[in-house]
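The block underneath contains the structure these notes are about, expressed in structure tokens.
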Amino acid sequence: MNAHFSSQLLSLRQAKGLSRKAVGQALSVSSGTVAKWEQGLSLPSADKLVPLSRLLGISVDALLTAPETDETVTKPTDGMPSLSELYKIGSGPSSSHTIGPEKAALTFRAKYPEADHFEVVLYGSLAKTGEGHGTDRIVTKTLAPLPCRILFDKYTEELPHPNTMLFLAYRGTKEIGRARIFSVGGGAIQYEGDILSLPERIYPLHTFADIAAYCEDHHLRLWEYAEQIEGEALWAHLSEIWEAMKASIQTGLKDTGELPGGLGVKKKARHLFHLQHIDETSETKENRLISAYAFAVGEQNACGGRIVTAPTCGAAGVVPAVLYYQQKKHRFRDDAILRALATGGIVGNLIKTNASISGAECGCQAEIGSACAMAAAAMAELFELSIDKIEYAAEISIEHHLGLTCDPICGLVQIPCIERNAVAAMRAINAVNLSTFLSDTRKISFDKVVLTMKETGEDLHHRYRETSEGGLAKLKV
């Protein structure tokens with residue numbers, strides 16, 4: 001019952017536009033207690049259940065009783081946002097740690113133009129790995145020339161989100177404003193208690209099963225469904241995204257030297273690209289080139305270069321590597337690539353909506369696993385495979401990343417992150433190949449494996465969710 005109750009509580013609270021603090025105040029408990037309920041760590045006492053159910057507009061029985069069958073997929077009530085909220089161009093090395101905080105600093109500064117200095121407190125993952133990811137530097141740079149004091153709170157545990165920031169604006173010695181802001185993954189932010197800060201949900205459907213059924217009824221491919229929802233403006237955005245993806249590969253293939261951060265990691269993309277030999281097999285060449293493209297983007301990201309969240313900075317190399325290789329090999333036109341990006345974007349949007357793309361929330365499976373699924377779906381679209389085969393390729397991609405931890409050494413998006421981009425790109429191609437042969441034998445739906453990924457991520461010990469406290473992160477290099 002705990003798992004059902006916690007997911008039900010979270011879904012209903014968000015649908016009502018209530019913060020954990022608001023729920024806590026209504027029930028005379030702390031927001032941390034509400035967080036524990038939503039994480040499945042505890043249940044409310046009997047005297048809190050009735051007022052809680054009234055607050056959420058549901059009966060106590062419905063709140064506590066799990067469905068009799070595992071066929072039910074917990075759905076959000078308000079659809080999915082535009083693909084422009086998924087694919088974003090920004091500076092690395094982390095969408096959660098740099099792009100999100102940069103956006104938060106910009107919006108907060110705009111709210112208090114009269115401020116003459118700021119203070120920002122970083123909590124959770126942002127505090128524990130923020131220096132390695134450059135969170136303090138990007139916030140200070142964004143708020144400049146006004147001074148900003150950055151504080152790292154590595155000890156507060158009861159947080160509304162693992163990537164929590166507290167912004168404070170001052171004029172002289174007087175505090176004139178404050179806001180708690182969450183970097184929720186993929187460069188997106190959310191103000192605490194401010195439902196208006198959420199992007200508009202323009203897609204009415206929010207499971208693969210529902211979208212596939214709609215497409216079948218209306219004789220649409222997935223990219224046509226995206227076009228139907230978003231209009232012609234979608235293609236201008238995706239064209240800009242594809243140009244940025246290609247630019248990050250091309251720049252990375254020319255780059256040399258060491259990555260910043262002190263690990264002494266050499267840039268390898270250029271070396272990989274030029275490492276061909278006279279008796280190289282076609283299979284070896286394919287792996288080498290795909291890896292070179294993925295390394296190129298990963299290294300640009302690690303340098304703080306311009307990349308595209310696909311769906312995050314740390315996993316930004318997977319989708320470009322697969323599509324760039326396929327375009328070079330098969331001479332696909334750019335308009336075919338844009339359709340593939342739309343299809344991959346639908347898959348990424350579903351994961352972001354129904355689970356998470358944040359390493360701090362669900363581990364690296366949420367980042368590199370999601371990127372692999374997007375790349376597989378995009379490649380399957382390039383070859384015009386059926387929607388069923390696209391779903392199977394995406395499902396395979398996530399399934400075989402389940403449990404992957406987010407534990408980069410020294411908090412830098414370098415080891416093992418860059419190699420993981422290359423491995424996931426090759427795995428995406430393998431997933432598409434498998435799906436072409438075996439789609440009629442599959443037993444697990446994409447929607448179910450997404451929910452499984454979410455549950456697995458929530459079960460991961462916090463040390464393996466971008467905190468630099470466990471796993472590879474403890475190794476000395």
Side-chain angles (χ1 to χ4, degrees), residues 1-81 85 158-162 164 180 182 184-185 188-210 349-358 361-362 366 447-448 450-459:
M1 180 184 71
N2 269 35
H4 167 71
F5 172 80
S6 60
S7 62
Q8 178 89 313
L9 173 57
L10 176 62
S11 177
L12 290 170
R13 176 179 67 76
Q14 291 177 336
K16 291 281 187 179
L18 296 169
S19 66
R20 285 174 175 166
K21 182 178 180 181
V23 174
Q25 288 175 339
L27 300 178
S28 299
V29 298
S30 70
S31 59
T33 298
V34 179
K36 288 182 178 179
W37 295 346
E38 291 184 349
Q39 293 163 7
L41 301 177
S42 65
L43 287 170
S45 57
D47 63 312
K48 302 295 183 187
L49 281 173
V50 173
L52 177 61
S53 65
R54 288 174 179 166
L55 182 66
L56 298 175
I58 189 173
S59 70
V60 174
D61 285 345
L63 187 60
L64 293 178
T65 305
E68 295 180 0
T69 172
D70 63 358
E71 293 298 314
T72 301
V73 176
T74 302
K75 302 177 183 178
T77 58
D78 53 357
M80 302 192 300
E85 293 293 326
E158 291 190 352
L159 297 168
H161 189 279
T164 295
R180 197 146 63 155
F182 315 126
V184 296
I189 62 169
Q190 180 180 344
Y191 276 72
E192 183 176 45
D194 183 6
I195 193 68
L196 296 179
S197 67
L198 295 173
E200 182 185 1
R201 305 262 170 157
I202 64 173
Y203 286 85
L205 305 177
H206 33 251
T207 68
F208 197 101
D210 288 344
N349 223 357
L350 286 166
I351 299 170
K352 183 178 180 179
T353 300
N354 295 297
S356 174
I357 57 170
S358 168
E361 283 188 302
C362 288
D447 294 322
K448 284 184 179 180
V450 168
L451 290 182
T452 301
M453 186 265 277
K454 180 183 179 182
E455 293 169 359
T456 303
E458 290 172 347
D459 287 341

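Counting begins at 1 with the first residue of the sequence.
- Val23 has its side chain out of reach of Ser19: every pair of non-hydrogen atoms, C-beta onward, lies at least 4.5 Å apart.
- Here the closest non-hydrogen pair linking Lys48 and Pro44 is CB-CB, 4.0 Å.
- Side-chain contact between Tyr203 and Pro81 is absent, with no heavy-atom pair separated by less than 4.5 Å.
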Report task. Carefully, step by step, assess Val29 and Val34 under the rule side chain to side chain contact (heavy atoms under 4.5 Å, CB included). Result -> CA-CA 8 Å; Val29 298; Val34 179; 4.0 Å; yes
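- With sequence neighbours left out, Phe208 forms a ring-ring contact (aromatic ring centres under 6.0 Å, His included) with Phe446.
- Side-chain atoms of His161 and Glu192 form no donor-acceptor pair, as typed in the model, at a separation below 3.5 Å.
- With hydrogens and angles ignored, the 3.5 Å screen pairs no side-chain donor or acceptor of Arg201 with any backbone N or O of Met80.
- Rounded to the nearest 0.5 Å, atoms CG (Leu451) and CD1 (Ile351) are 11.0 Å apart.
- Pairing each heavy atom of Ser358 with each of Ala366, the nearest pair is O-CB, 3.7 Å.
- Between Arg20 atom CZ and Thr33 atom OG1 the span is 11.0 Å, to the nearest 0.5 Å.
- Taking CE of Met453 as the reference point, atom CD of Glu458 lies at 10.5 Å (rounded to 0.5 Å).
- Contact annotation: the side chain of Pro204 never approaches that of Asp210 to less than 4.5 Å [non-hydrogen atoms, C-beta and beyond].
- To the nearest 0.5 Å, atom CG of residue Leu159 and atom CZ of residue Phe182 are 8.5 Å apart.
- In this structure, the side chains of Ile58 and Leu12 come closer than 4.5 Å at one or more pairs of heavy atoms.
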Requested in this report: Carefully, step by step, assess Leu18 and Leu55 under the rule side chain to side chain contact (heavy atoms under 4.5 Å, CB included).
Outcome: CA-CA 10 Å; Leu18 296 169; Leu55 182 66; 4.0 Å; yes
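- Listed by chain and number, the residues in a side chain to side chain contact (heavy atoms under 4.5 Å, CB included) with Ala209 are Thr207, Asp447 (sequence neighbours excluded).
- In this structure a side-chain-to-backbone donor-acceptor pair under 3.5 Å is present from Lys352 to Glu85.
- Note: Asn349 CG to Ile357 CD1 = 8.5 Å, rounded to the nearest 0.5 Å.
- Taking 4.5 Å as the limit, some side-chain heavy atom of Leu27 sits within range of a side-chain heavy atom of Leu52.
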